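Inspection log for the structure reproduced underneath, given as structure tokens.
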Amino acid sequence: MKIAIVGLNPGTAIYAQYLAKDGHDITVFTESQGDVIIMDLLPHSFLSIVNGESIKLFTRKYLEDLLGISVLNVKLGSITINNSEVLITSEAGGQGIRGKYDRVVIGSEALPRESGNCVSIYRATLSPGNYVINGGDVGKNVETLMLVADVGGRAITNSPMAIDEDLLKSLPMNRDVKAGGCVSTDYDVVKPLIGVAGKGVWFVGRGFRYRDSLSGIEYVVNRDYQLIMMGKLLAMRDWGS
């Protein structure tokens, strides 16, 4: 099959790996200039808490050089998907590249956001010291607090946490120090434009709304492990097609 993947994230990367190994022709369109951003693993990799070899599976070198996947850099906002057709609008506003595919997989991309003197936790290398945690991701705020503790540091924050106040009191919060290196847990989610999403178009990305086929409950994916699981399931469905 000729497959277009619009938006590179851990889920679409896993899907691309499986289908490329199965001999399919894969083209990936991505706004990110670097490797796949695995937001739930990168800080742990910097601290050697997770195996760095697993991170290598999501590098551009692995996707392009070892698997032969074509990876093209383009602003996702300039791409429109209509059924199995991918249209890239040129910077001048006219029609640019147009391609038809047997399968189109749409994936949003999460791009770390840095503001002021705050460094993104997805790019920061932590060391012992005092930190200020800023950001709206309540789960990642708690995780960052624990990562700071793992390196022997302490943190302060006015940002929301995904734990109650009683448990928070037992964690290494530094309520006396009012300054430190600022780390941010925020990120932006970018998506292509979707005209008509036909039967051959699938979604794997943060910020998309899904409906559980059994319960009918709607939910929004916001963690990488969910994306990886979805990418594997879709790859298994298309394996051998």
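Please read all numbers here as calculations on a predicted model, not as lab measurements.
At a threshold of 4.5 Å between non-hydrogen side-chain atoms, the residues Phe58 and Asp35 do not count as touching. Using a 4.5 Å heavy-atom threshold, the side chains of Asn134 and Ser159 count as touching. Between Arg237 and Trp202, the closest side-chain pair of non-hydrogen atoms falls below 4.5 Å. Within the 4.5 Å cutoff, no side-chain heavy atoms of Leu87 are placed close to those of Asn82. Contact annotation: the side chain of Val86 approaches that of Ile79 to within less than 4.5 Å [non-hydrogen atoms, C-beta and beyond]. Counting heavy atoms from C-beta outward, Glu143 and Ile121 have side chains that stay 4.5 Å or more apart. Side-chain contact between Arg103 and Tyr15 is present, with at least one heavy-atom pair separated by less than 4.5 Å. The shortest distance between side-chain heavy atoms of Leu234 and Met230 does not fall below 4.5 Å.
Atom OH of Tyr101 and atom CD1 of Ile81 lie 10.5 Å apart (nearest 0.5 Å). Interatomic distance, CG of Asp22 versus CG of Asp238, reported as 9.5 Å (0.5 Å rounding). Distance CG/Asn222 to CG/Leu227: 9.0 Å, rounded to 0.5 Å. Here CG of Leu19 is found 4.0 Å from CD1 of Ile3. Values are rounded to the nearest 0.5 Å. Going from atom CG of Leu147 over to atom OH of Tyr131 covers 10.5 Å, rounded to the nearest 0.5 Å. Taking CG of Asn130 as the start and CZ of Arg154 as the end, the distance is 8.0 Å to the nearest 0.5 Å.
Residues that satisfy the side-chain contact (heavy atoms from CB on, under 4.5 Å) test with Ser120, not counting sequence neighbours, are Pro112, Glu114, Tyr122, Arg123. With sequence neighbours left out, Asp224 forms a salt bridge (Lys or Arg N to Asp or Glu O under 4.0 Å) with Arg206. Contacts of Ser184 classified as side-chain contact (heavy atoms from CB on, under 4.5 Å), with partners at least two apart in sequence or in another chain: Cys118, Asp186. Considering only residues two or more places apart in sequence or on other chains, Tyr225 meets the side-chain contact (heavy atoms from CB on, under 4.5 Å) condition with Arg223. Listed by chain and number, the residues in a salt bridge (Lys or Arg N to Asp or Glu O under 4.0 Å) with Asp25 amount to none (sequence neighbours excluded).
Residues Val71 and Phe29 fall within the same hydrophobic cluster, defined by Ile, Leu, Val, Met, Phe, Trp and Tyr side chains chained together at heavy-atom separations under 4.5 Å. Hydrophobic clustering of Ile, Leu, Val, Met, Phe, Trp and Tyr side chains at less than 4.5 Å, counting indirect connections, keeps Met236 apart from Ile14. Leu233 and Met1 are members of different hydrophobic clusters when ILVMFWY side chains are connected at heavy-atom separations under 4.5 Å. The hydrophobic clustering, which links ILVMFWY residues whose side-chain heavy atoms are closer than 4.5 Å, places Ile106 and Tyr219 together. Cluster membership check: Ile5 does not share its hydrophobic cluster with Met229, using side-chain heavy-atom separations under 4.5 Å among Ile, Leu, Val, Met, Phe, Trp and Tyr.
The minimum heavy-atom distance linking Ile133 with Ala155 is given by the pair CD1-CB, 3.8 Å. Taking every heavy atom of both residues into account, Asn73 and Ser32 meet most closely at ND2-O, 2.7 Å. Across Phe208 and Lys191, no two heavy atoms sit closer than the pair CE2-CD, 3.7 Å. Nearest heavy atoms, Pro10 versus Val36: N-CG1, 3.6 Å. In terms of heavy atoms, Leu63 sits closest to Ala13 at CD2-O, 4.4 Å. When all heavy atoms of Leu193 and Gly77 are compared, the closest pair comes out as CD1-O, 3.7 Å.
For residues 73-89, every residue pair satisfying the salt bridge (charged side-chain N to carboxylate O under 4.0 Å, His left out) rule, not counting sequence neighbours, is listed here: Glu31-Lys75, Glu85-Arg98.
Checking Val105, Ile69, Thr12 one by one against Ile26, the side-chain contact (heavy atoms from CB on, under 4.5 Å) holds for a single residue, Ile69.
Asn9 contributes a side-chain N or O that, together with a main-chain N or O of Val204, makes up a donor-acceptor pair within less than 3.5 Å.
Neither side chain, Thr185 nor Asp137, offers a donor N or O lying under 3.5 Å from an acceptor on the other.
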(request) Could you walk me through whether Ser78 and Ile88 pass the side-chain contact (heavy atoms from CB on, under 4.5 Å) test, one step at a time? (result) CA-CA 6 Å; Ser78 69; Ile88 302 176; 3.9 Å; yes
